[in-house]
Amino acid sequence: MVSSSSSSSSGGGVGGGSPQLAVKKGPWTTAEDAILIEYVRKHGEGNWNAVQKNCGLLRCGKSCRLRWANHLRPNLKKGAFTPEEEKTIIDLHARLGNKWARMANKLSGRTDNEIKNYWNTRVKETPTRRFTDLP
DNA sequence: AATTACTACAACCGCGTGAAG
DNA sequence: TCTTCACGCGGTTGTAGTAAT
């Protein structure tokens, strides 16, 4: 069912589908990061639920995928968006709407979450402040 | 120096889609 | 052909840090 991914895999909370496997939530530790990196190095991306099963990582597959995509991927570009990237985001948003993953595809090194946060906190909320810099 | 408000970032939850059995 | 499982996307919420009063 649809709810299986939320209730069983991700749990929809702590210990959702598998009573024996408590799912940890909250900030990731460096140890957890290391486990995830090692897993992806060996098995590649995908099968995120297998990380929990094979490595004993107390995180749902959903959380693992997000962590990898947003912080652990080797080609990630960290730091502030450049003016050129800003312009690209605005242009892509005008064309695609809230299709953050599509935008992330165009902006290599940037993640959908990063773009989404950027748009919601800096572009969408304060367009005048950002682009006209009115006092 | 202390308190309050605002901004930015990270993570979680729920829904939808696709693939496999 | 139908049912179930897993993955990915988008939206929302919470926490931390910084600045201003």
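First the proteins, then the strands, lettered A, B, ... as listed; each starts at 1.
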Participant: Verify whether one side chain among A/Glu85 and A/Tyr118 offers a donor that lies under 3.5 Å from an acceptor in the other.
Facilitator: no

Participant: Atom CG of A/Asn120 to atom P of C/dG14: distance rounded to whole Å?
Facilitator: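 Result: 16 Å.
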
Participant: Is A/Trp100 near enough to C/dG11 that one of its side-chain N or O atoms lies under 4.0 angstrom from OP1 or OP2?
Facilitator: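 For C/dG11, OP1 or OP2 has a side-chain N or O of A/Trp100 closer than 4.0 Å.
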
Participant: Does any donor-acceptor pair link the side chain of A/Lys62 with the base of B/dG14 at a separation under 3.5 Å?
Facilitator: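 Per atom types, the contact qualifies.
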
Participant: Using a 6.0 Å distance limit plus a 45 degree cone around the ring axis, check whether A/Arg73 lies over the aromatic ring of A/Trp68.
Facilitator: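 Geometry flag: not set, cation outside 6.0 Å or 45°.
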
Participant: Under 4.0 Å between a side-chain N/O of A/Arg59 and OP1 or OP2 of B/dC12, yes or no?
Facilitator: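 Answer yes for this pair, as a side-chain N or O of A/Arg59 is under 4.0 Å from OP1 or OP2.
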
Participant: Is it the case that C/dG10 (base atoms only) and A/Lys99 (side chain only) share a donor and an acceptor within less than 3.5 Å, ignoring hydrogens and angles?
Facilitator: no

Participant: Would you classify A/Arg67 as touching base, sugar-phosphate or nothing, given that sugar-phosphate means primed atoms plus P, OP1 and OP2, and contacts are heavy atoms under 4.0 Å?
Facilitator: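 Counting heavy atoms under 4.0 Å across all strands, the contact made by A/Arg67 is with sugar-phosphate only.
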
Participant: B/dA20 C1' sits how many Å from A/Asn49 CG, rounded?
Facilitator: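 Going from CG in A/Asn49 over to C1' in B/dA20 covers 15 Å.
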
Participant: Specify the separation, in whole Å, of atom NZ of A/Lys116 and atom P of C/dT13.
Facilitator: 13 Å

Participant: Might you confirm whether atom NZ of A/Lys78 has over 12 heavy atoms from other residues, nucleotides or ligands at distances under 6.0 Å?
Facilitator: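 Enclosed: over 12 neighbouring heavy atoms sit under 6.0 Å from NZ of A/Lys78.
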
Participant: Report yes if some heavy atom in the side chain of A/Trp28 is under 4.5 Å from a heavy atom in the side chain of A/Ser63; otherwise report no.
Facilitator: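 When only atoms from C-beta onward are counted, A/Ser63 and A/Trp28 do touch, with a gap below 4.5 Å.
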
Participant: Apply salt bridge (charged side-chain N to carboxylate O under 4.0 Å, His left out) to residues A/Asp91 and A/Lys87 and explain how you reach the verdict.
Facilitator: CA-CA 6 Å; A/Asp91 181 58; A/Lys87 191 175 179 180; over 6 Å; no

Participant: Report yes if the distance between the aromatic ring centroids of A/Trp48 and A/His43 is under 6.0 Å, otherwise no.
Facilitator: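 Not close enough - the centres of the two rings lie 6.0 Å or further apart.
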
Participant: Heavy atoms, side chains only, cut-off 4.5 Å: are A/Tyr39 and A/Asn47 in contact?
Facilitator: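 A side-chain contact exists here, since the closest heavy-atom pair is under 4.5 Å.
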
Participant: Specify the closest pair of heavy atoms between A/Ala104 and A/Arg110, including all atoms of both residues, with the distance to one decimal.
Facilitator: CB-O, 3.6 Å

Participant: Give a yes/no answer on whether the side chain of A/His71 brings an N or O atom under 4.0 Å of OP1 or OP2 in B/dC9.
Facilitator: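 No, outside the criterion.
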
Participant: The side chain of A/Lys25 is closest to which nucleotide in this list: C/dG11, B/dC13, B/dA8?
Facilitator: B/dC13

Participant: How close or far is atom P of C/dG10 from atom CG of A/Leu92, stated in whole angstroms?
Facilitator: 13 Å

Participant: Classify A/Asn70 by what it touches in the nucleic acid, base, sugar-phosphate, or nothing, heavy-atom distance under 4.0 Å.
Facilitator: nothing

Participant: Side chain of A/Trp28, heavy atoms from C-beta onward: which of B/dC12, B/dA8, C/dG8 has the nearest atom to it?
Facilitator: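 Nearest nucleotide to the side chain: B/dC12.
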
Participant: Can you pull out how bent the helix from B/dA2-C/dT21 to B/dG21-C/dC2 is, comparing the axes over its first five and last five pairs, to 10°?
Facilitator: 10°

Participant: Ignoring hydrogens and angles, answer whether the base of B/dA10 and the side-chain atoms of A/Asn117 contain a donor-acceptor pair closer than 3.5 Å.
Facilitator: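 It does, because a donor-acceptor pair links the side chain of A/Asn117 to the base of B/dA10 below 3.5 Å.
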
Participant: Tell me: CZ of A/Arg110 to P of B/dC9, nearest whole Å?
Facilitator: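 It is 10 Å, rounded to the nearest whole Å.
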
Participant: Looking only at side-chain N and O atoms, does A/Ser63 come under 4.0 Å of OP1 or OP2 in B/dC12?
Facilitator: yes

Participant: Between C/dG11 atom P and A/Leu66 atom CG, what is the distance in whole Å?
Facilitator: 15 Å

Participant: Just the rounded figure in Å: distance from P of C/dA6 to CD of A/Gln52.
Facilitator: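 Between P of C/dA6 and CD of A/Gln52: 11 Å.
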
Participant: Nearest whole angstrom, please: distance from the P of B/dA19 to the CG of A/Asn47.
Facilitator: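 Rounded to whole Å, this separation is 16 Å.
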
